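Okay, so here's the structure we're looking at.
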There are 4 protein chains.
Amino acid sequence: MQRTQRTLGRPRKEQDGISTKDLILHTATGMFLEKGYPSVSMDDVAQKCDFTKATVYYYYKTKADLFTDAMVQLMIRIKQRIIDILSTNASLETQLFQIAKAHIQATVDIDINAFMKEAKTSLSDDQLQLMKEAEDNMYGALEQAIKKAMDKGEIPQSNPRLGALMFVSMLTAGNNLDNAYKETFSSLDDLVTQIVNLFWNGLANENQSSL
Amino acid sequence: MQRTQRTLGRPRKEQDGISTKDLILHTATGMFLEKGYPSVSMDDVAQKCDFTKATVYYYYKTKADLFTDAMVQLMIRIKQRIIDILSTNASLETQLFQIAKAHIQATVDIDINAFMKEAKTSLSDDQLQLMKEAEDNMYGALEQAIKKAMDKGEIPQSNPRLGALMFVSMLTAGNNLDNAYKETFSSLDDLVTQIVNLFWNGLANENQSSL
Amino acid sequence: MQRTQRTLGRPRKEQDGISTKDLILHTATGMFLEKGYPSVSMDDVAQKCDFTKATVYYYYKTKADLFTDAMVQLMIRIKQRIIDILSTNASLETQLFQIAKAHIQATVDIDINAFMKEAKTSLSDDQLQLMKEAEDNMYGALEQAIKKAMDKGEIPQSNPRLGALMFVSMLTAGNNLDNAYKETFSSLDDLVTQIVNLFWNGLANENQSSL
Amino acid sequence: MQRTQRTLGRPRKEQDGISTKDLILHTATGMFLEKGYPSVSMDDVAQKCDFTKATVYYYYKTKADLFTDAMVQLMIRIKQRIIDILSTNASLETQLFQIAKAHIQATVDIDINAFMKEAKTSLSDDQLQLMKEAEDNMYGALEQAIKKAMDKGEIPQSNPRLGALMFVSMLTAGNNLDNAYKETFSSLDDLVTQIVNLFWNGLANENQSSL
DNA sequence: TATGAATGAGTTTTCATTCAT
DNA sequence: AATGAATGAAAACTCATTCAT
């Protein structure tokens with residue numbers, strides 16, 4: 001008659017409560033983001049985790065698997081962050097500002113497109129599919145928020161998906177800014193504000209296009 | 001006054017008027033753009049040119065040298081194309097549209113930031129410097145055109161460099177669009193128009209920011 | 001008190017009690033001695049051991065590392081042999097004869113100076129330092145024995161280190177003797193005796209130098 | 001009717017009176033001595049001469065040819081220097097001192113044995129033969145001088161060739177001395193004197209060998 | 001006489017991956 | 001769960017050599 005859910009026997013080694021697999025995944029994510037897929041070797045990841053290559057292979061059958069999982073999990077986390085911000089009552093503009101700030105504060109930068117290009121030759125179709133779905137979901141949240149604002153009349157009707165894509169592309173560019181140039185901004189908030197303003201109001205601030 | 005009448009050494013092939021070195025450079029440029037720095041081997045380049053690795057090394061001492069030259073020359077060409085368009089009498093908005101169209105029509109796409117990240121560990125400081133300068137020049141032309149429009153009162157004053165950077169980032173994102181999604185646009189012009197409009201008019205089309 | 005009862009990982013082959021690493025080191029030592037540093041490739045070593053290049057790299061990170069270890073270990077072994085002989089009660093002359101014989105009987109021959117010259121451009125400062133120390137130790141034992149004999153009055157006072165160096169240089173030269181010439185000696189002992197005599201008594205066999 | 005030996009027409013380009021072939025040979029000699037056969041590339045030689053590889057090949061069919069010629073000519077020059085010194089009226093000991101000093105003053109060092117070992121695999125039998133002969137000649141002069149001194153009763157009878165070989169080996173060792181150690185001698189003359197003394201009088205300075 | 005172009009065969013090194021314990 | 005051993009394939013780079021002018 002078992003009373004507790006607590007598993008019996010000595011609990012498995014989980015230093016700081018993080019499992020080996022998670023540690024590997026987390027470490028790999030950071031390294032992939034920093035250097036790109038081909039420039040990170042399984043040994044690099046293993047060494048940074050203080051494990052051996054073989055241990056990494058114990059958890060991930062191939063490097064492509066590790067990469068796919070790393071990217072998918074990352075995109076899920078980002079999507080969740082976006083959703084959290086979008087679920088508040090603030091105006092869309094305010095929310096976009098919050099998203100932008102969170103994105104730029106995170107040292108990590110997901111230039112998904114660049115990653116895809118690099119890894120394309122190494123990933124299986126299934127893996128590419130997985131990543132594409134995660135990417136879709138990630139942009140999807142933003143896209144729907146924009147769509148809702150359009151439907152509510154908050155902003156004029158246009159292509160909401162394109163808006164979402166362009167917004168993220170601008171954030172990525174903001175993240176990759178040359179350090180020397182970055183320092184010409186008085187603060188991070190200042191940079192973020194200018195980017196969001198550019199996205200929100202455009203360069204011209206007028207209604208009519210002369211085209 | 002010395003005349004070196006007869007050229008020394010074996011003459012270059014010059015088939016179709018294109019020298020071996022140019023062929024290598026051109027081929028390499030395309031491959032780097034398509035797959036990224038680490039994924040293109042010197043042998044890959046050589047084979048595509050129908051030469052041997054050693055021939056590539058005859059013209060470029062290292063892979064990093066080849067890459068640097070490829071990117072710098074590319075950015076020079078792009079800068080020139082931008083300058084050509086900007087030197088017409090058309091309005092800036094029209095010019096931006098032309099630039100965007102030229103950029104997206106070119107199969108090549110330079111996601112400079114992504115390349116820099118990939119190659120950073122492999123390039124020497126000198127090489128990085130060369131690329132940064134070429135990049136600066138490339139954006140510089142656009143930046144000055146925006147600045148001039150601001151000074152003329154054509155558009156409101158804001159950060160012209162950030163505008164230039166964001167514009168190119170949007171074009172790059174447009175270029176990397178998922179094919180399936182790309183096909184939802186009625187034409188290339190349609191896609192380009194929407195991107196330029198978004199940049200020019202912003203999402204909100206209003207003057208006041210609520211932040 | 002942690003007992004690592006079961007050894008982790010795949011166990012080494014240990015055929016004939018010699019570990020893979022030792023086999024590689026031993027093989028490499030012989031090849032370096034025979035052909036010199038630049039003329040021995042990592043693949044050469046691997047093939048002679050019936051392993052792959054990658055296995056050699058598994059144990060030695062670089063060729064320079066392998067070379068350094070090979071030479072240092074060799075010099076340590078030679079030093080030990082010299083010390084063993086010098087620790088007997090025999091007269092120094094007899095001991096020198098024994099050392100000379102052992103040196104010449106060993107098929108291996110270390111022309112340390114020549115090796116240093118060849119490898120100098122390839123070795124790191126640390127590696128050169130390691131080799132220099134091992135070399136110093138090797139000569140040191142001989143030097144001290146000569147010094148002791150001088151202090152005891154067995155031989156006249158002079159520069160003991162120079163004596164040690166010259167002795168080894170003569171042995172090396174003896175080892176490298178042209179085979180045709182070597183055969184003009186009635187026996188190995190004869191050759192060794194003549195060399196040691198030359199070193200011990202000099203060419204002139206007289207006390208006064210006319211210089 | 002030609003009166004003068006002076007060749008007619010424009011004299012061939014001989015900068016500083018040294019022909020291209022001689023310049024190449026001379027340069028190559030120095031580089032081979034400094035770095036050893038395998039570590040010197042034909043390109044290295046060419047660049048140091050400010051010519052192209054192809055020019056070197058114009059004068060020397062193969063690298064082995066260049067090396068053989070370089071070494072043979074060098075040994076001929078050394079032999080001549082030895083003969084010059086030995087043809088004076090000075091005592092053999094004095095002459096050996098002069099030879100030793102000349103040898104050690106020359107920055108170049110011919111560790112012929114080491115070179116032979118390195119190059120053995122690359123040289124043809126003919127080339128090895130050529131070098132062996134030059135080497136024989138080089139040692140031969142010294143050998144004969146020693147033999148003559150023995151016949152004159154100046155020094156006791158022993159193996160003159162072995163003496164010659166050992167003498168040169170000691171000089172080579174003296175040349176390769178660690179710089180730090182070299183500086184412990186008050187002057188070059190001091191070092192040379194000690195080496196020649198050791199060779200001439202031996203370590204023991206006594207007539208009887210206890211063996 | 002001298003040279004620029006081109007190459008084949010190698011060299012050092014890296015790395016994803018497998019295997020046996 | 002984790003690891004040490006071993007490898008095949010490829011990458012960057014080198015170099016002696018040939019060829020055509």
Side-chain angles (χ1 to χ4, degrees), chain A residues 12-13 19-21 38-46 50-66 122, chain B residues 4 6-14 19-21 38-44 46 50-64 66 122, chain C residues 4 6-14 19-21 38-44 46 50-64 66 122, chain D residues 12-13 19-21 38-46 50-66 122:
Chain A
R12 68 183 55 176
K13 172 176 124 197
S19 72
T20 298
K21 186 166 183 177
S39 300
V40 174
S41 76
M42 291 298 257
D43 211 22
D44 288 342
V45 175
D50 253 318
F51 285 111
T52 57
K53 253 190 298 194
T55 302
V56 177
Y57 273 94
Y58 180 76
Y59 290 101
Y60 292 94
K61 254 188 130 49
T62 67
K63 185 185 173 187
D65 278 344
L66 173 57
S122 309
Chain B
T4 332
R6 178 165 59 91
T7 47
L8 289 176
R10 188 208 270 194
R12 56 193 64 176
K13 276 191 188 161
E14 285 269 5
S19 71
T20 299
K21 185 167 184 177
S39 301
V40 175
S41 79
M42 291 298 258
D43 209 20
D44 289 343
D50 250 319
F51 283 112
T52 57
K53 242 186 312 190
T55 301
V56 177
Y57 275 96
Y58 177 74
Y59 290 100
Y60 292 95
K61 262 182 122 55
T62 66
K63 185 184 173 187
L66 173 57
S122 309
Chain C
T4 331
R6 178 164 61 91
T7 47
L8 287 177
R10 189 208 270 194
R12 55 192 67 173
K13 275 192 187 160
E14 285 271 3
S19 71
T20 299
K21 185 169 184 175
S39 302
V40 175
S41 78
M42 292 298 258
D43 208 20
D44 289 342
D50 250 319
F51 282 111
T52 57
K53 247 184 307 188
T55 302
V56 177
Y57 274 95
Y58 177 73
Y59 290 101
Y60 292 95
K61 263 182 122 55
T62 66
K63 185 183 173 186
L66 174 57
S122 309
Chain D
R12 67 182 59 175
K13 172 175 122 199
S19 72
T20 299
K21 185 167 184 176
S39 300
V40 174
S41 77
M42 292 298 258
D43 211 22
D44 289 341
V45 175
D50 253 319
F51 284 112
T52 56
K53 252 191 300 195
T55 303
V56 177
Y57 273 94
Y58 181 77
Y59 289 101
Y60 292 95
K61 254 189 130 46
T62 67
K63 185 185 174 187
D65 278 346
L66 174 56
S122 309

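Numbers restart at 1 for each chain; the letters A, B, ... are given by sequence-line order, proteins then strands. These numbers were taken from a predicted model, which means no experiment stands behind them.
Within the 4.0 Å cut-off from OP1 or OP2 of dA6(F), at least one side-chain nitrogen or oxygen of T20(C) is found. At the phosphate of dA5(E), OP1 or OP2 sits under 4.0 Å from a side-chain N or O atom of Y58(B).
When all heavy atoms of A46(B) and V56(B) are compared, the pair lying nearest together is CB-CG2, 3.6 Å.
Nucleotide dT12(E) holds its P atom 20 Å from the OH atom of Y59(C), rounded to whole Å. Taking atom CG of D50(C) as the reference point, atom P of dA5(F) lies 19 Å away to the nearest angstrom. Distance K21(C) NZ to dG4(F) P: 13 Å, rounded to the nearest Å. What separates CE of M42(A) from P of dA2(F) is a distance of 15 Å, to the nearest Å. Going from atom OH of Y60(D) over to atom P of dT1(E) covers 13 Å, rounded to whole Å. Between Y57(D) atom OH and dA2(E) atom C1' the separation is 16 Å, expressed in whole Å. Whole-Å rounding puts the F51(C) CZ to dA6(F) P distance at 5 Å.
Contact annotation: side chain of K53(A) to base of dT17(E), donor-acceptor pair present below 3.5 Å. Not a single donor-acceptor pair, N or O on each side, falls under 3.5 Å between the base of dT17(E) and the side chain of K61(A).
Nearest-nucleotide positions on DNA chain F place T52(A) closer to the 5' end than the other of T52(A) and D44(B). Nearest-nucleotide mapping onto DNA chain F: of S39(D) and K63(B), the residue sitting toward the 5' end is K63(B).
A 3.5 Å limit on both hydrogen-bonding distances identifies dT3(E) as the Watson-Crick or G-U partner of dA20(F). Base pairing of dC13(F): its partner is dG10(E), meeting the Watson-Crick or G-U wobble criterion (both donor-acceptor distances under 3.5 Å).
The distance from the OH atom of Y57(A) to the CG atom of D65(A) is 10.0 Å, given to the nearest 0.5 Å. The CE atom of M42(D) lies 11.0 Å from the OG1 atom of T52(D); values are rounded to the nearest 0.5 Å.
In this structure, the side chain of K53(B) does not engage the main chain of S41(B) through any donor-acceptor pair within 3.5 Å.
Using a 4.0 Å heavy-atom cutoff across all strands shown, V40(A) reaches sugar-phosphate atoms only and no base atom. Residue T55(B) is classed as a base contact, given a heavy-atom separation below 4.0 Å to a base.
In this structure, of dC19(E), dT12(E), dT17(E), it is dC19(E) that holds the atom nearest to the side chain of A54(A).
Under the 6.0 Å distance and 45° angle rule, K21(A) counts as a cation-pi partner of Y60(A).
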